[in-house]
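See structure below.
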Amino acid sequence: MQSDERYMRLALEMAKIGSGQTSPNPAVGAVVVKNGEIVGLGAHLKAGEPHAEVHAIRMAGEKAAGATVYVTLEPCSHFGKTPPCADLLVEAKVARVVIATTDPNPLVAGKGMERLKQAGIEVVLGTLKEEADELNRVFFHYITTKTPFVTLKYASSLDGKIATKTGDSKWITSEAAREDVHRYRAANDAILVGVNTIMADNPHLTTRLPEGGKSPIRIILDTDLRTPLHANVISNDEAETWMVVGSQVSSERMALYQRSHVRVMQMNQPHIDIWEMLRMLGEHKITSLFVEGGSRIHDSFVRSRAFQEIVAYFAPKLIGGHEAPTPVGGTGILRMAEAAELAIKRVEMVGPDIKVIAIPK
Ligand code: NDP
Ligand code: ZN
């Protein structure tokens with residue numbers, strides 16, 4: 001129905017309000033409509049707080065009886081931190097529930113809809129499914145793989161350099177592009193760089209936006225734990241820092257780094273395997289990871305095929321030089337047949353720079 005799409009679009013707009021702050025939960029929106037009138041609206045804003053349906057049904061009150069509920073994700077059917085929304089909709093005696101997409105968790109998928117149908121409620125599935133899946137692609141990836149959704153980000157000159165041959169990289173892209181990067185930081189659970197980037201740039205790796213925004217957990221891959229103790233990520237407590245180290249690092253050395261905001265995480269092997277590390281982050285409820293380089297780190301993620309999206313900024317500048325680093329370093333591949341194949345999802349201007357979003361084919 002045409003009006004179904006209209007109200008579902010509104011529910012998606014509601015869902016977007018919570019987008020980026022509901023982790024490890026999905027962003028969900030709900031709209032209650034009775035006789036062509038909107039009587040309830042709801043968005044899930046934070047894990048542990050009421051689900052979108054709860055807000056919307058509360059707002060609708062008595063009017064929920066006989067109404068149609070539009071919800072961007074299948075209503076939950078299990079007791080989590082809050083009681084199941086499917087039961088709430090049954091109790092509120094709604095007549096019809098329109099759902100954009102099912103819960104990807106195989107343990108819950110379909111169960112919410114089943115509960116509604118058993119109670120005699122008409123259920124419609126699939127209205128604006130693509131938009132709803134796109135909105136929660138991070139959550140869906142995490143739920144189905146138990147590893148974070150990985151975004152590789154880099155800023156390069158038009159000739160594909162991420163620093164000069166001396167390692168200077170401040171700044172390649174414009175302020176507008178850098179602000180865009182900070183928006184990704186705010187939206188991700190964690191941000192990751194290699195120890196060489198810490199040595200070269202001593203970054204804070206925090207979110208600095210005019211409108212504010214949370215700083216993600218800072219993750220540093222540092223096999224032998226050689227990050228200087230005075231590095232900004234260790235000495236300032238604006239955000240949590242997790243140092244990932246190899247099995248050979250002594251407990252005495254690790255103890256030197258312990259701070260209330262610093263945690264040292266030791267792998268079982270002497271080197272840091274990307275997939276092992278991602279599984280570990282998944283166990284610690286990191287659903288999204290923003291990888292900011294440098295080039296050796298990107299190479300490891302690309303070779304492991306451990307990424308879901310690439311965000312690349314190209315500044316209208318030329319750096320040149322064989323020795324200036326490129327976004328993906330390492331030894332590279334030998335034949336084109338081995339290249340990581342991508343599809344371009346979007347291209348846009350950010351100030352004077354070009355932003356390209358690509359996904360693996
Ligand atoms: P990286 O920052 O990529 O760090 C690489 C180091 O991380 C390795 O040498 C290694 O050191 C450690 N490491 C631990 N585990 C792994 C793993 N699994 N895979 C890869 N590395 C691992 O270093 P680069 O020298 O490549 O890049 C740094 C340069 O890049 C700087 O000049 C910086 O300015 C620039 N840069 C530019 C950016 C841009 O977008 N323009 C963004 C980020 C950096 P160890 O063995 O000791 O653990
Ligand atoms: Zn729910």
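Indexing begins at 1, ligand by ligand and atom by atom, following the structure's order.
Within a 6.0 Å radius of NZ in K317, more than 12 heavy atoms belonging to other residues, nucleotides or ligands are found.
Side chains of M280 and V244 form a contact here, defined as non-hydrogen atoms less than 4.5 Å apart.
Of the protein's non-hydrogen atoms, N196 ND2, 3.4 Å is the one closest to atom 25 (O) of ligand 1. Ranking protein heavy atoms by distance to atom 29 (C) of ligand 1, first place goes to T197 OG1, 4.4 Å. Annotation: atom 37 (C) of ligand 1 to nearest protein heavy atom, I162 O, 3.4 Å. Closest protein heavy atom to atom 18 (N) of ligand 1: I272 O, 3.0 Å. For atom 13 (N) of ligand 1, the nearest non-hydrogen atom of the protein is L221 O, 3.9 Å. Shortest contact from atom 22 (C) of ligand 1 to any protein heavy atom: I297 CD1, 3.6 Å. Closest to atom 43 (C) of ligand 1 among all protein heavy atoms lies E292 O, 3.0 Å. Atom 31 (C) of ligand 1 has as its closest protein heavy atom A200 CB, 3.7 Å.
Numbered from 1 in the order shown, with element, the atoms of ligand 1 that lie under 4.0 Å from a heavy atom of G167 read 32 (O), 34 (O). The distance from ligand 1 to the heavy atoms of D222 drops below 4.0 Å at these ligand atoms: 48 (O).
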* For S156 and K161, run side-chain contact (heavy atoms from CB on, under 4.5 Å): C-alpha distance rounded to whole Å, both residues' side-chain angles, the deciding distance at 0.1 Å, then the answer. => CA-CA 5 Å; S156 88; K161 306 292 190 185; 5.8 Å; no

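Between Y154 and ligand 1, no pair of N/O atoms sits closer than 3.5 Å. Taking only nitrogen or oxygen atoms, main chain and side chain alike, D201 reaches within less than 3.5 Å of ligand 1. For ligand 1, one of its N or O atoms has an N or O atom of A155 under 3.5 Å away. Distances between N or O atoms of A163 and those of ligand 1 include no value under 3.5 Å. Taking distance alone, with nitrogen or oxygen atoms compared against 3.5 Å, G294 approaches ligand 1 more closely than that limit.
The distance between the ring centers of Y184 and F290 falls below 6.0 angstrom.
The nearest pair of heavy atoms linking P26 to L73 is CG-CD2, 3.5 Å. Nearest heavy-atom pair across P327 and G160 is CD-O, 3.4 Å. Across every non-hydrogen atom of I319 and A163, the tightest pair is CG2-O, 3.9 Å.
Of the listed residues (K153, R226, K165, R296), the one carrying the non-hydrogen atom nearest atom 11 (O) of ligand 1 is R226. When T223, L225, D273 are checked for heavy-atom proximity to atom 46 (O) of ligand 1, T223 turns out nearest.
Hydrophobic cluster membership is shared by M254 and M243, with clusters built from Ile, Leu, Val, Met, Phe, Trp and Tyr side chains linked at under 4.5 angstrom. Residues V97 and M8 do not share a hydrophobic cluster, clusters being chains of Ile/Leu/Val/Met/Phe/Trp/Tyr side chains in contact below 4.5 Å.
Residue contact annotation: C76 places an N/O/S atom under 2.8 Å from the Zn ion (ligand 2).
H51 contributes atom ND1 as its closest N/O/S atom to the Zn ion (ligand 2).
Among the candidates I286, V262, I220, V264, the single residue satisfying the side chain to side chain contact (heavy atoms under 4.5 Å, CB included) test with W242 is I286.
Taking CD1 of I274 as the start and OG of S304 as the end, the distance is 5.5 Å to the nearest 0.5 Å.
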